[in-house]
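In the text below, chain A, chain B and the rest are named by the order of the sequence lines, each starting its count at 1. Side chains are part of it too, since the values below use all heavy atoms of this structure and drop only hydrogens, waters and symmetry mates.
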There are 2 protein chains.
Amino acid sequence: MEKSEEQSSPERPQREGDYPPEVADFVERLAADLTEAGFPRMPARVFSCLLASDTGSLSSADLGERLLISPAAVSGAVRYLSQVHLIARERQPGSRRERYRVHTDVWYEAMTNRDAVLNRWIHTFSSGVEAVGPESPAGRRIAESVEFLTFMRNEMAALMERWRTTRRES
Amino acid sequence: MEKSEEQSSPERPQREGDYPPEVADFVERLAADLTEAGFPRMPARVFSCLLASDTGSLSSADLGERLLISPAAVSGAVRYLSQVHLIARERQPGSRRERYRVHTDVWYEAMTNRDAVLNRWIHTFSSGVEAVGPESPAGRRIAESVEFLTFMRNEMAALMERWRTTRRES
DNA sequence: CCATAACTTCACAAAGTTGTGAAACAAGCG
DNA sequence: CGCTTGTTTCACAACTTTGTGAAGTTATGG
């Protein structure tokens, strides 16, 4: 019966104005940015919406209401987001209502994911060096890419470590 | 009249085996990886194909032959790639044949591009802090994202610098 | 155990992308 | 100049993606 985040006026309009329009605007702007970067649309909107919520966690119904989308769309989006580890799904024991939470440190998870991509790329590029021949000009060019990607992977790990410590001491 | 990269048997089969099948395989594997990361298909294939070529530069006809795609598809792909600065188009004076070349340091260009994306994100997130209120929990969460993205942008710049110097001295 | 609430799955319609052939365009070259 | 070769543009068809309503599944709670 109660709404999840703030329990105020029981009969609220079904419009996106359910939460302040400035916030809705931000959510859509951010979702647009993410979409442009290759993120699927609905996951982007759901993610942005969670990020902009005070508790950092909303129920399926909340999301549907705020974004004006069907339960099916919410379902699809949260499945995607939890697969790429950007949200956690949690179920309070003794309730069948699920809640979706943005990870404590969103960016750590995103970077972890990027690491996996880097590794696959390194693997593919390495096989390419063999394919074109290590001594050919193409071979050398591709080998350099392998070096760059490896450099990147290592440095990114160090970078994240650095971020975590600066974060901790502030 | 002559084929651009290596001038061998004049009547070659029109199949992708025009260049060694191992190379073709690598090109398709890499293109698949890039596609999975959100890169449009044809640009991914063209880019991979250029990367795997000895001269690092091919004509429109070469690309069409190797990838078995129409001139229109090549045209679209190279337009995309040059817009995101991943290839350069060059025209040898006194010829109407254009050649497309992977940039000397492919990754530098790609990272430069990523920088622009980071900047837009930082801007959007910053506007979000205002939208939800800087003192709210959501505001603090989003502000932390701004900090992280800013950290990233700066560190990435330093990282690229470091890569370039290690590269130079090897 | 049945009723019901919450979420998921599925088939489909709408919308968007992608690559093609054909026509238009540009620019060297005879 | 006009022919010829290489590139681009355009309309369209094939294919893919996206979000929905409705039926299905699971599990709580009477």
Side-chain angles (χ1 to χ4, degrees), chain A residues 1-4 14 16 28 31-32 34-50 57-84 87-101, chain B residues 1-5 10 14 16 28 31-32 34-50 57-84 87-101:
Chain A
M1 183 92 289
E2 95 293 343
K3 291 294 174 32
S4 304
Q14 291 302 85
E16 202 161 358
E28 295 307 326
L34 296 175
T35 301
E36 206 168 337
F39 222 79
R41 183 175 165 66
M42 280 294 144
R45 295 183 70 208
V46 166
F47 174 77
S48 306
C49 195
L50 283 170
S57 114
L58 296 170
S59 72
S60 179
D62 291 332
L63 288 165
E65 248 171 63
R66 299 188 178 196
L67 300 172
L68 295 175
I69 58 181
S70 71
V74 175
S75 178
V78 296
R79 176 173 39 183
Y80 177 92
L81 288 171
S82 62
Q83 265 168 5
V84 301
I87 65 170
R89 342 175 52 136
E90 43 193 48
R91 195 169 226 144
Q92 290 186 339
S95 163
R96 62 206 106 164
R97 196 168 241 162
E98 218 161 26
R99 298 182 65 83
Y100 310 103
R101 174 177 306 280
Chain B
M1 185 95 295
E2 94 292 341
K3 290 294 173 34
S4 305
E5 221 188 347
Q14 292 297 91
E16 201 162 358
E28 296 306 326
L34 296 174
T35 301
E36 206 169 337
F39 222 79
R41 181 174 168 67
M42 279 295 140
R45 296 183 70 205
V46 166
F47 174 77
S48 306
C49 195
L50 283 170
S57 113
L58 297 170
S59 73
S60 179
D62 291 332
L63 287 165
E65 249 171 61
R66 301 190 176 196
L67 301 172
L68 296 175
I69 58 180
S70 71
V74 175
S75 178
V78 297
R79 176 174 37 183
Y80 177 93
L81 287 170
S82 63
Q83 265 168 4
V84 301
I87 66 171
R89 343 177 49 137
E90 44 194 46
R91 193 169 228 143
Q92 289 185 338
S95 163
R96 64 205 102 161
R97 198 168 238 165
E98 218 160 27
R99 298 183 63 85
Y100 309 103
R101 175 177 305 281

Distance check, rounded to the nearest 0.5 Å: A/Tyr80 atom OH versus A/Phe39 atom CZ?
5.0 Å
Rounding to an integer number of Å, can you tell me how far B/Gln92 CD sits from C/dC29 P?
12 Å
Would you say the side chain of B/Arg96 and the base of D/dT4 hold a donor-acceptor pair, judged only by whether the two atoms sit under 3.5 Å apart?
yes
Between D/dT8, D/dG6, D/dG21, which nucleotide has the shortest distance from any of its atoms to the side chain of A/Ser70?
D/dG21
Only one of A/Arg89, A/Glu98, A/Met42, A/Gln83 passes side-chain contact (heavy atoms from CB on, under 4.5 Å) with A/Val78, and that residue is A/Arg89
Name the nucleic acid region contacted by B/Gly94, choosing base, sugar-phosphate or nothing; use a 4.0 angstrom heavy-atom cut-off, strictly under.
sugar-phosphate
I want to verify a distance call: between C/dT8, D/dT20, D/dT8, whose nearest atom is closest to the B/Pro71 side chain?
D/dT8
Nearest to the side chain of A/Arg91, which nucleotide is it out of C/dC7, C/dG19, D/dT7?
C/dC7
Mind checking A/Ser60 for me? I need base, sugar-phosphate or nothing, with any heavy atom below 4.0 Å counting as a touch.
sugar-phosphate
Give the rounded distance in Å between these two atoms: OH of B/Tyr80 and P of D/dT8.
17 Å
Rounding to an integer number of Å, can you tell me how far B/Gln83 CD sits from D/dT8 P?
12 Å
Could you state the CD-P distance from A/Glu98 to C/dA5, rounded to the nearest angstrom?
18 Å
Whole angstrom value for the distance that separates C1' of C/dC7 from CG of A/Leu58:
16 Å
In whole angstroms, the gap separating P of D/dT16 from CE of B/Met42 amounts to 13 Å
Between the base of C/dT18 and the side chain of B/Arg41, is there any donor-acceptor pair under 3.5 Å?
no
Would a distance-only check, ignoring hydrogens and angles, find a side-chain to backbone donor-acceptor pair under 3.5 Å from A/Thr35 to A/Ala31?
yes
Mind calculating the distance between CD (A/Glu90) and P (C/dA6) to the nearest angstrom?
17 Å
Donor-acceptor pair, distance only, cut-off 3.5 Å: does the side chain of B/Arg97 make one with the backbone of B/Ser59?
no
Counting side-chain heavy atoms from CB outward, which of C/dA22, D/dG6, C/dC7 is closest to B/Ala72?
C/dA22
Whole-Å distance separating the CG atom of B/Leu68 from the C1' atom of C/dG19
13 Å
Got a second to check how far B/Leu81's CG is from B/Arg101's CZ, nearest 0.5 Å?
15.0 Å
In terms of side-chain heavy atoms of B/Arg89, which of D/dG19, C/dT9, D/dT8 is nearest?
D/dT8
